[in-house]
Structure formats: structure tokens, C-alpha cells
2 protein chains.
Amino acid sequence: MATTISQTRVSQRRQATIEELLDHAQAILDEEGAGAVTVSEVARRIGMRPPSVYKYFDSLHAIYDGLFARGQTRIVQAIEYAVRDREPGLASLLAGHRAFVEWSTRELGLASLMFWRPVPGFVPSPESMAAAQALSALGREELRVAVERGELAPAADSDEAARLLTVLVSGVFSQQASNQPGADFDAGLFTSLTDEVLAMFVRHYRPTP
Amino acid sequence: MATTISQTRVSQRRQATIEELLDHAQAILDEEGAGAVTVSEVARRIGMRPPSVYKYFDSLHAIYDGLFARGQTRIVQAIEYAVRDREPGLASLLAGHRAFVEWSTRELGLASLMFWRPVPGFVPSPESMAAAQALSALGREELRVAVERGELAPAADSDEAARLLTVLVSGVFSQQASNQPGADFDAGLFTSLTDEVLAMFVRHYRPTP
DNA sequence: GTCTATATGTTGATAGAC
DNA sequence: GTCTATCAACATATAGAC
């Protein structure tokens, strides 16, 4: 029994170290881009020797995967928070996608790792991808509800419409990130188009009265 | 005089070698991503020793810049070709932006270098960026003409509308490139939305009769 | 212009002492 | 879990012979 408690403590400590390593990896990602994240640099920042890092991550790719998973978790949280007291359907759909752009603008490093492919050869693990799919399923479900409630035309209850929405929000993110990376959501030349872009989508799928 | 002719021949040969080196660099970019382009690998492929490459490019960054400039030149050519026998205004605007997506989908390597920022520390030179600005000026001008011809509402003659268009096409490109990189334009889950997205834009700026 | 040779630095990853 | 030591590989870049 004492062993179990002790193991729990150890594993909590271990998890905390993992998160701290990811904090440093994310800082590098933000400051110098994905290509600058290396085992050595992460070790340097946390004050370990490189071999020690391998006790926590099997490889450099595992660190990327940890960052990818962290991004997925966080953006889902951001969206859930934004949607928390909205009606299901169109209101949630718009609030959620707006939150998507807001979060991505704030977390440029993680977002670029998730929505671009800046690291040659890095493919997220199936576990990390599962969260990504859950996210898109969420948007898909809100489309269904919005149509059910008569807020959007029937054609909006489709995978195509869902893809169209991701095109819009990732387009805003991409242009903002590559042309004016410093700006925040309200001041950004492209992020400030978010509501207009979403309005375009709504008009495109306006229900016939 | 003989000297001048000889120098011209030499400089032509030199330019040909530069293009050949860029061909190999682009092949690496396409096959393994931007991070895999190195002076050594380019040298290996063309059959030179690495130091010889420095006679043609001052640094690795200069090779990236050459690729960036090549991409700008080629996409402008692709767009001009697509627009060659269209009426100025809306028809050209749509054909041009469609060509933008088609070219980017075909040239994933160059496009990702131009529209994402995959190389830490690499910033295109002012000369290379000039071509990029010329490209956006071209789209801006077509918007002006389209409004002049009454094909779009006056609000479309604005920098905001121009940015909105870039958001749309770069969104299509980004989603296609990161989620289904192999597919070609017609089969792509996202590129096949190009016309629909452009139709959304036209509807958004439909002139009042 | 191309080469050999070299300086100098980096990386990812492993073996094994403590 | 952390370290030292080390590997093998690779990189950018320069000096100088031919």
C-alpha cells in the first residue's frame, strides 16, 4: 500500500516534469519556429543534459507529438469555454469558430504545428489525431442542430459545409500568422475579418423562409 | 568585344547552373520538406562538393530565397496564363484566384515555403518580397475594375475585400496541404470547394440592381 | 570553378556509472 | 533519474591548391 502511494507521488512528479519540458519546447516553438525545437535545446533550457530528456520522451518526434496533443486539448477547452452558455446550433457554431481563430492567434506556435505541416516527417500519433477528429465532429454536430432548428438550410448539414467552415477559419489563421504574426485578434488585419467571413457562411446557407 | 561575348556566354552558363541547383533544391523540398534542404544535399544531388555550391549561392538562406523567388515568378505566370483571354474584372478575378489554388496544389513545396514559415530564421529578401506584393496589387486592381463594371458592389473595391479573397484561397490551400497533401486539384476534398468559396465571395459583394 | 582539406559546430541517440 | 562519455552523422562555411 505504501508502495502504491509512493508510486503515485513519483508518477505525479514525473508528469510535472513532462509538462515543464513541454513548456520549454513550446517556448522555442513560439520564439524560433518548429524547426528550432531540438532535444538539446529543450535540455539546455530546463537545465538537464540531453540524455536525461530521453527518460521522458522516446524521441524528438515524441516531443512534437506532446506539443500537438497539448494544442488539441487547449483549443477544445477554449472552444468549450466560449460555447458554455450559448444555445446549441448556430449561436454555438459561430461562437466556437470565433474562439478557434482567437485561440490560434494567441497560440501561434501550437496552432502552426497543428494546422500546417512545418516539420518534415512528423505525423501526429493516432492518439493525438483522435482529439483532432473529436473537434471536427463537434463542429459537424452543431451544423446538424442548426439545420434541425431551421437556422441554416438543409445543405449545411453536410461534411462539405463542415469542411468549408474549416477552410474559412484556417484561412484567417494562415494569413494572419504568415503576414502579421505579432498582432492580436482585435488589431489583426485578417483576424478582424473573422465575423465577416462567418457571416458569408451563414448567408451562403441561409434557409428559405 | 570578344571579351563581352565571352562573358555573356559564361554568365549564361552560370545562370543555367544556378537554375539546375534550384531544381535539385526544389526536388528535396517536394520530397522531404523545407527542413531537409541543405547545401550538402543539393551538392550531392548535382554531383558537386559542398564548397562549390557557395560559388553560386552565398549561403543556405540564399538558396531558400532563390526558391521563394522562383515560386513567386511561377505563380504569377500561372495566374497570367489563366487570365490571358478573360475579360478584365470579375471573370479575371475568379480565374486568377482559381489558378492560384491550382498552382499551389500542384507545387506544394514552393507554396508551403511561400505561404507558411517552415524555416526558422528565414525571411525572404526585399527583392523576393516585391514580387509577392506585385501579385497582391494585381488582385486589388481586378477588384477595382470589377466594381467599375458594376459586377461587384462598391464595397468590394477595398483592401479589406482583397484580404478577404486571400483568406479564402489560402484557407483552401492550407487545409488541402495539411490534411490531404497528395491529392490533385479536382479530387481534393478541399480544393474541390474552390468554386463554392469564390461564389460565396461574389454573393457577399453582389451589386444592388 | 572545382576540388581537397579542414575548422567548427550541431544534432539524435545510446551505454553505463552512480 | 541524472549524469559523463561517446558515437556516428551531419551541417555551414572557409582557405588554398590546381
Side-chain angles (χ1 to χ4, degrees), chain A residues 3 5-25 27-29 31-68 113 118-123 125, chain B residues 3 5-25 27-29 31-67 118-123 125:
Chain A
T3 320
I5 291 169
S6 172
Q7 279 178 353
T8 300
R9 273 226 202 89
V10 167
S11 96
Q12 276 178 351
R13 182 80 184 80
R14 182 180 162 79
Q15 195 54 44
T17 306
I18 288 177
E19 290 302 319
E20 204 178 332
L21 285 164
L22 285 179
D23 289 342
H24 289 287
I28 301 166
L29 181 64
E31 293 161 19
E32 305 175 64
V37 178
T38 63
V39 176
S40 303
E41 181 61 22
V42 172
R44 206 154 21 234
R45 293 201 181 202
I46 205 176
M48 282 180 182
R49 260 16 82 191
S52 304
V53 174
Y54 285 88
K55 294 288 173 181
Y56 301 94
F57 293 94
D58 285 344
S59 66
L60 174 61
H61 271 38
I63 296 179
Y64 281 122
D65 203 55
L67 289 172
F68 188 93
L113 191 64
V119 183
F122 166 62
V123 185
S125 66
Chain B
T3 320
I5 290 169
S6 172
Q7 278 178 355
T8 300
R9 275 227 200 88
V10 168
S11 95
Q12 277 179 353
R13 181 79 184 82
R14 183 180 161 79
Q15 194 54 43
T17 306
I18 288 177
E19 290 302 318
E20 205 178 330
L21 285 164
L22 285 179
D23 289 343
H24 289 287
I28 301 165
L29 181 64
E31 293 162 19
E32 307 174 63
V37 178
T38 63
V39 175
S40 302
E41 181 60 23
V42 171
R44 208 157 17 240
R45 294 202 181 201
I46 206 175
M48 282 178 181
R49 261 17 81 190
S52 305
V53 175
Y54 285 88
K55 294 289 174 181
Y56 300 94
F57 292 94
D58 286 344
S59 66
L60 174 61
H61 271 37
I63 295 179
Y64 281 122
D65 203 55
L67 289 173
V119 183
F122 167 62
V123 184
S125 67

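Below, read A as the first sequence line, B as the second, and so on, with proteins coming before strands; counting in each chain starts at 1.
Rounded to an integer number of Å, the gap from B:Ile46 CD1 to C:dG1 P is 13 Å. The CD atom of A:Glu32 sits 14 Å away from the C1' atom of C:dT10 (whole-angstrom rounding). Atom CZ of A:Phe122 is separated from atom P of C:dG12 by 15 Å (rounded to the nearest Å). Whole-Å rounding puts the A:Tyr54 OH to C:dA13 P distance at 4 Å.
Residues A:Ala36 and A:Ile28 come closest through the heavy atom pair O-CG2, 3.4 Å.
Screening B:Val53, B:Val39, B:Asp65, B:Val42 for a side-chain contact (heavy atoms from CB on, under 4.5 Å) involving B:Leu60 leaves a single residue, B:Val39.
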For nucleotides 3-7 of chain D, give me every protein contact, N/O to N/O, under 3.5 Å, one pair per line with atom names.
from	atom 1	to	atom 2	distance (Å)
D:dC3	OP2	A:Arg49	N	3.1
D:dC3	OP2	A:Ser52	OG	2.9

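The closest donor-acceptor contact from the side chain of B:Tyr64 to the backbone of B:Ala34 lies under 3.5 Å.
The listed nucleotides are D:dT12, C:dG12, D:dG1; the one nearest the side chain of A:Val39 is C:dG12.
Across all strands shown, A:Arg13 has no heavy atoms under 4.0 Å from either base or sugar-phosphate atoms. When heavy atoms are screened at a 4.0 angstrom cut-off, B:Thr38 is found touching the sugar-phosphate backbone but no base atom.
Within the 4.5 Å cutoff, the side chain of A:Ile63 has no heavy atoms near those of the A:Tyr56 side chain.
Partners of B:Glu32 by side chain to side chain donor-acceptor pair (under 3.5 Å), not counting sequence neighbours, listed by chain and number: B:Arg45.
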message: Before you tell me yes or no, could you show the steps for A:Thr17 and A:Arg13 under side-chain hydrogen bond (donor to acceptor under 3.5 Å, both in side chains), namely the whole-Å CA-CA distance, both residues' side-chain angles and the distance that decides it to 0.1 Å?
response: CA-CA 6 Å; A:Thr17 306; A:Arg13 182 80 184 80; 3.2 Å; yes
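The stretch residues 56-67 of chain B comes close to DNA chain C through B:Tyr56, each having a heavy atom under 4.0 Å from the strand.
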